[in-house]
Amino acid sequence: MPKISSLKYYAVAKGEKTEIFTSWKECKEYVNDIKDKLNVWTDGYCKRNGLSDAIGGIGVFFGDKDFRNLSERLPGEQQTNNYAEIYAAIRALEICDKNENLIINTDSIYVINSHNIKKPKKIFDLVNKFNDLIKKRKGKTYLKHVKGHSNIYENEQTDRLTYLGSKNPDVELILPERKNTIKDYFK
């Protein structure tokens with residue numbers, strides 16, 4: 001007879017948002033906070049991804065007719081899909097109040113996997129900025145993966161915003177230098 005895994009899962013199966021957790025503590029926090037969380041949807045798009053003439057756009061969607069909805073051209077020379085995805089999540093974090101509990105809904109596994117990475121191997125400037133912004137928040141930040149192109153209304157609206165953003169004029173990306181330790185700020 002095969003051995004049954006001792007790993008336990010806890011699921012939120014009903015309600016506006018469903019999720020699976022590996023600890024009861026995390027599940028309970030999620031359920032207790034769910035009423036006080038702001039949902040934002042992010043996406044990145046890159047036409048001709050990986051080629052020298054690639055053009056990217058980002059979208060951030062809060063809801064219909066919400067003034068915070070955002071459609072922008074991906075700034076800088078590096079125009080890739082992953083760059084656009086992480087940049088969209090950064091823009092969402094910049095827009096939201098730092099005190100709000102936040103759920104970032106994304107169809108990007110890259111964004112999900114970039115959370116809490118200490119020394120990223122790729123796109124390190126944006127991955128570090130993404131994690132720095134999350135650490136600076138007073139409200140909790142949750143990342144939720146949603147299946148792309150699966151007729152989820154909010155995700156489809158975000159896709160539309162990314163495409164429109166790619167049609168905007170080119171912009172320059174300027175990131176401040178990241179310091180490694182607090183002492184580096186006083187040199």
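Just so you know, these numbers come straight off a predicted model, no measurement behind them. Computed from heavy atoms alone, side chains included, the values below leave out hydrogens, waters and symmetry copies.
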*Would you please test Asn39 and Phe61 for side-chain contact (heavy atoms from CB on, under 4.5 Å) and show each step?*
CA-CA 9 Å; Asn39 268 283; Phe61 183 74; over 6 Å; no
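- Criterion: ILVMFWY side-chain heavy atoms under 4.5 Å apart, direct or through other members. Under it, Leu164 and Val40 are not part of a common hydrophobic cluster.
- For the side chain to side chain contact (heavy atoms under 4.5 Å, CB included) test, residues two or more places apart in sequence or in another chain that qualify with Glu72 are Ile58, Leu70, Tyr87, Arg91.
- Among all heavy-atom pairs drawn from Gly56 and Gln79, the shortest one is N-OE1, 2.7 Å.
- The shortest heavy-atom contact between Glu154 and Trp41 is CB-CE2, 3.2 Å.
- A distance of 10.0 Å separates CG in Asn128 from CD1 in Ile86, rounded to the nearest 0.5 Å.
- Remark: Arg137 engages Leu93, Cys96, Glu100, Leu102, Thr141 in a side chain to side chain contact (heavy atoms under 4.5 Å, CB included) (not counting sequence neighbours).
- Every residue two or more places apart in sequence or in another chain was checked for a side chain to side chain donor-acceptor pair (under 3.5 Å) with Glu156, and none qualifies.
- In terms of heavy atoms, Ile104 sits closest to Ala89 at CD1-O, 4.4 Å.
- With sequence neighbours left out, Ile109 forms a side chain to side chain contact (heavy atoms under 4.5 Å, CB included) with Asn113, His145.
- Remark: side-chain polar atoms of Ser71 are paired, donor with acceptor, to backbone N or O of Leu161 under 3.5 angstrom.
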*Apply side-chain contact (heavy atoms from CB on, under 4.5 Å) to the pair Leu38 and Arg68, showing each step before the final yes or no.*
CA-CA 12 Å; Leu38 172 65; Arg68 297 169 295 182; 3.7 Å; yes
*Show your reasoning for whether side-chain contact (heavy atoms from CB on, under 4.5 Å) applies to Ile117 and Phe130.*
CA-CA 10 Å; Ile117 290 182; Phe130 171 68; over 6 Å; no
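- Qualifying side chain to side chain contact (heavy atoms under 4.5 Å, CB included) partners for Asn81, counting only residues two or more places apart in sequence or in other chains: Cys46, Asn49, Glu85.
- Atom OH of Tyr163 has 12 or fewer heavy atoms from other residues, nucleotides or ligands within 6.0 Å.
- Counted by atom type alone, Asn105 and Tyr142 present zero donor-acceptor pairs between their side chains at under 3.5 Å.
- A heavy-atom distance below 4.5 Å is found between the side chains of His115 and Ile134.
- Heavy atoms only, all atoms of each residue included: Ile152 and Lys147 are closest at CD1-O, 3.9 Å.
- At a threshold of 4.5 Å between side-chain heavy atoms, the hydrophobic network of Ile, Leu, Val, Met, Phe, Trp and Tyr places Tyr110 and Ile90 in one connected group.
- Closest heavy-atom contact between Asn101 and Lys140: OD1-N, 2.8 Å.
- For residues 53-62, the pairs satisfying salt bridge (Lys or Arg N to Asp or Glu O under 4.0 Å) are Arg48-Asp53, with sequence neighbours left out.
- Contacts of Asn99 classified as side chain to side chain donor-acceptor pair (under 3.5 Å), with partners at least two apart in sequence or in another chain: Asp97.
- For Tyr45 against Ala84, the heavy-atom pair with the smallest separation is N-CB, 3.7 Å.
- The hydrophobic clustering, which links ILVMFWY residues whose side-chain heavy atoms are closer than 4.5 Å, places Ile55 and Leu51 apart.
- Residues Ile123 and Gln78 meet the side-chain proximity criterion, which asks for heavy atoms closer than 4.5 Å.
- In this structure a side-chain-to-backbone donor-acceptor pair under 3.5 Å is missing from Asp66 to Phe62.
- Residues Thr106 and Leu143 are not in side-chain contact: their nearest non-hydrogen atoms beyond the backbone lie 4.5 Å or more apart.
- A donor and an acceptor atom, one from each side chain of Asn116 and Asn131, are nowhere located under 3.5 Å apart.
- Remark: Arg160 pairs with no residue by the salt bridge (Lys or Arg N to Asp or Glu O under 4.0 Å) rule, at least two apart or across chains.
- Side chain of Asp43 to backbone of Thr158: no donor-acceptor contact under 3.5 angstrom is found.
- Using modelled atom types, no side-chain atom of Asp107 and backbone atom of Asn155 make a donor-acceptor pair closer than 3.5 Å.
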